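The structure appears right after this line, and notes come after that.
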Amino acid sequence: MNVVTEAKPANANQAEHRHPPRLVAAMAFLSIATTIGLSLVAIQRYRACSSDWAFDMAFFHNLVFNAAFGGGFRQTASTHEWDGLVNLTHAFFLLPVYVPFYRLAPRMETLLILQSAALAAGVFAVASLARSSGARTWTAFLAATLYATSFAFWRLGLADFRPLLLSVPALLWLAAALHRRSHIAWVLLATVVVCAVREELPLLVASLALCTLLARRGSRRAGFASLVVAIAWFGGQSWLRPRAGFYIPFDRPADLVQGAAWATSGPGETAARLSFLAEYFQWGFWPAILDPVLLLASVPLLFYALLLSPYEWWTWHGPYVHHLAPLLALVTAAGAVGWGKLEAMARRRLPAMAWIVPVTMLVLVGFQVPRTVHRVMWTLGFLDDPPARQARKMELAAIESLIEQIPGDGRVATDYRLVARLSGRPYEYVYQAEFAPGRPEGPFDCSRDRGGGAGGPGKWVAASSRVGTAIRAWKQRCPGLDGVDWMLVYDAHQEWMSVLERSEVWVEVDRGGSYVLFRRLSGG
């Protein structure tokens, strides 16, 4: 049997839309299993009140909650946002896709499951990229498994609830459509979906489309069309949105330079950046170097993440998720193409040794899975000593009993740690600037965005020595907020606790764990 003649060329376009049924079944199983595992971990972190960015998580949940129950895209968890989808600080035009599903089961868990399913759906695109580059069924499945078992991927699923994470599967499908020379309608659909995720992404799509246009002859027409749509989308959204803000402040060069990480970081932080980037580049996808088109497309984002981003570099989870979620998608896509090309070359030149490629991938999966499981277990606190786990379990049970006493339509204020747990309601606020023990945060500025108000910008709660003053600040500076009837207070916040305990307006309802629940008796 002539093995070489049976091997398909690296760009087997004639078979790009025909995947073996066993591969489709394997991908479906991998996607479902990944969705279940990622959902369980994300829900566990949410219920344990250990979210990394609980305030943002509450912000998005509150937006979806109000939209699902007739309130439109407005929220009260944050006091610096205007009402309306196009008036938000950032453009999350795909947020409405969550609303009908959330209406069926209005819980934060629903959003976390949907997000996990979206991330897991990327395995199909990874397998498709590998197949269209010459990989056989087993190799394509292993490429998708490398993606689904890396901690870089799981870290995205643990980043609370973030609409930005839709960019990962969307970018994978756009890369697949461009690489496979799919019908231009599919390319344009994928382009629009990626652009609609967040306002900076059209720039990344333009980078990908330009690299495709210049480097891949068979995809030049699709690359040009994608480039035009991305540029048009970017211009249109900037004109449409009255508060067009960008996470990367390229529209404010002075802020960009002042916040540049290279201007303030030392050798230690530079080493940490390189270490985190190495992980997000997924060592399991080192054959990405065989597909320079996708790597070149990621250069602008890589430059920003390495040299300019000043956020979240010293925490255990590494860089802020906004910087590297799209980068992970592009590197994964390049790696999948690289594995396919590597196996195709092996079959042509060393057909008897072609089995080395999938075996190497299997070894990488076997090495990767224990590391990911260990880090996830550590993240959830499962590796703590038994007394610590028992104490945490009792604390969470006590907090849950307090939350159950607050009516669903109650206007409640709490701290940073619990704000996400209370966000599925029409009114809920963070009650102070010091969100959590040992974690001081800057005050929020409501007056800047809502046209001014009494007291001027900033310090709207942090400067208040009395709860009544804080509530009046909510009413005066943010007319959409109607006051607070319930306070769930961390008992170590002595100033707030002493004011509430002495007040004739507030009465203690119950205590549990390290929190105290107060209810307002009358207007204050």
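Because only heavy atoms are used, hydrogens play no part in the values below, and waters and symmetry mates are left out as well, while side chains stay in. Note that the coordinates shown come from a computational prediction; the quantities given were computed from them, not determined experimentally.
Residues forming a side-chain contact (heavy atoms from CB on, under 4.5 Å) with Ala196 (at least two apart in sequence, or on another chain): Phe93, Leu94, Trp233. Listed by chain and number, the residues in a side chain to side chain donor-acceptor pair (under 3.5 Å) with Thr139 are Glu343 (sequence neighbours excluded). In this view, Pro407 and Asp409, Trp486 satisfy the side-chain contact (heavy atoms from CB on, under 4.5 Å) rule, not counting sequence neighbours. The side chain to side chain donor-acceptor pair (under 3.5 Å) search around Asp491 returns none, not counting sequence neighbours. In this structure Tyr102 satisfies the ring-ring contact (aromatic ring centres under 6.0 Å, His included) test together with His61, sequence neighbours excluded. The ring-ring contact (aromatic ring centres under 6.0 Å, His included) test applied to Phe518 returns no partner, not counting sequence neighbours. Partners of Ser514 according to the side chain to side chain donor-acceptor pair (under 3.5 Å) rule, which considers only residues two or more places apart in sequence or in another chain, are Glu395. Qualifying ring-ring contact (aromatic ring centres under 6.0 Å, His included) partners for Phe69, counting only residues two or more places apart in sequence or in other chains: Phe65. For Arg47, the side chain to side chain donor-acceptor pair (under 3.5 Å) test picks out Glu109, with sequence neighbours left out. Every residue two or more places apart in sequence or in another chain that forms a side-chain contact (heavy atoms from CB on, under 4.5 Å) with Val369 is listed here: Thr149, Val365, Val373.
Proximity of a side-chain donor or acceptor of Trp154 to a complementary backbone N or O of Ala148 within less than 3.5 Å is detected. Under the 3.5 Å distance criterion, the side-chain polar atoms of Ser116 are matched with a main-chain donor or acceptor of Leu112. The main-chain N or O of Met27 is never found under 3.5 Å from a side-chain atom of Ser31 such that the two would form a donor-acceptor pair. A donor-acceptor pair is defined here as one N or O able to donate and one able to accept, closer than 3.5 Å; no such pair exists between the side chain of Ser128 and the backbone of Ala125. Here the side chain of Arg520 pairs no donor or acceptor atom with the backbone of Trp506 at under 3.5 angstrom. Gln115 places a side-chain N or O within donor-acceptor distance of the main-chain N or O of Arg162, the cut-off being under 3.5 Å. Under a 3.5 Å cut-off, the side chain of Asn62 and the backbone N or O of Arg425 do form a donor-acceptor pair.
Separation of atoms CG (Leu119) and OG1 (Thr35) is listed at 8.5 Å; rounding is to 0.5 Å. Atom OG1 of residue Thr110 and atom CG of residue Leu114 lie 6.5 Å apart, to the nearest 0.5 angstrom. Here the OG-CG distance, from Ser39 to Leu111, works out to 11.5 Å after rounding to the nearest 0.5 Å. Separating the CG atom in Leu30 from the CZ atom in Phe141 is a distance of 5.5 Å, to the nearest 0.5 Å. Rounded to the nearest 0.5 Å, atoms OG1 (Thr414) and CD1 (Ile406) are 7.5 Å apart.
Within the 4.5 Å cutoff, no side-chain heavy atoms of Val412 are placed close to those of Asp485. The closest side-chain heavy-atom distance from Leu517 to Arg511 is not below 4.5 Å. Looking only at side-chain heavy atoms (C-beta outward), Phe92 and Leu166 stay at 4.5 Å or farther from each other. Using a 4.5 Å cut-off on side-chain heavy atoms (C-beta onward), Ile113 and Ile43 make contact. Counting heavy atoms from C-beta on, the side chains of Arg421 and Tyr46 come closer than 4.5 Å. The shortest side-chain heavy-atom distance between Phe151 and Gln368 does not fall under the 4.5 Å cut-off. Asp160 has its side chain within reach of Arg45: a pair of non-hydrogen atoms, C-beta onward, lies under 4.5 Å apart.
Partner Phe73 forms a side-chain contact (heavy atoms from CB on, under 4.5 Å) with one of Leu95, Val86, Asn66 and no other, that one being Leu95. With Tyr515 as the fixed residue, the side-chain contact (heavy atoms from CB on, under 4.5 Å) test singles out one of Val489, Ile399, Asp510, Ile403: Ile399.
Val197 and Leu201 make their closest contact through CB-CD1, 3.6 Å (heavy atoms, listed as atom of the first residue, atom of the second, distance). Scanning all heavy atoms of the two residues, the minimum distance from Gly335 to Ala288 falls at N-CB, 3.6 Å. The two residues Leu171 and Ala329 have their closest heavy-atom pair at CB-CB, 3.8 Å. The nearest pair of heavy atoms linking Leu129 to Ala336 is CB-CB, 4.0 Å. The nearest pair of heavy atoms linking Ser167 to Pro326 is OG-CG, 4.1 Å. When all heavy atoms of Ala144 and Val123 are compared, the pair lying nearest together is CB-O, 3.6 Å.
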Worksheet item: Could you walk me through whether Met57 and Ser423 pass the side-chain contact (heavy atoms from CB on, under 4.5 Å) check?
Response: CA-CA 8 Å; Met57 193 177 188; Ser423 53; over 6 Å; no
Worksheet item: Does the side-chain contact (heavy atoms from CB on, under 4.5 Å) test come out yes or no for Leu88 and Leu63, once each step is laid out?
Response: CA-CA 10 Å; Leu88 301 178; Leu63 272 177; 3.7 Å; yes
Discussion item. For a side-chain contact (heavy atoms from CB on, under 4.5 Å) check, start with the C-alpha distance between Trp339 and Leu146, then their side-chain angles and the critical distance, and finish with the verdict.
Written reply: CA-CA 11 Å; Trp339 280 118; Leu146 280 170; 3.8 Å; yes
Worksheet item: Does the side-chain contact (heavy atoms from CB on, under 4.5 Å) test come out yes or no for Leu521 and Val507, once each step is laid out?
Response: CA-CA 7 Å; Leu521 295 178; Val507 60; 3.6 Å; yes
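Ion pair Arg519/Glu508 not flagged as a salt bridge, since none of the NZ, NE, NH1 or NH2 atoms sits closer than 4.0 Å to an Asp/Glu carboxylate oxygen.
Classification of the Phe153-Tyr147 ring pair by plane angle, with boundaries at 30° and 60°, yields tilted.
Within the structure, the salt bridge (Lys or Arg N to Asp or Glu O under 4.0 Å) test picks out no pair touching residues 112-121 (sequence neighbours left out).
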With a 3.5 Å cut-off and sequence neighbours excluded, list the donor-acceptor pairs that the side chains of residues 381-390 form with protein atoms.
residue, atom, partner, partner atom, Å
Asp384, OD2, Arg392, NH1, 3.2
Asp385, OD1, Ala388, N, 3.0
Arg389, NH1, Phe382, O, 3.4
Arg389, NH1, Asp384, O, 2.4

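When ring centroids are compared, Tyr98 and Phe161 come within the 6.0 Å threshold.
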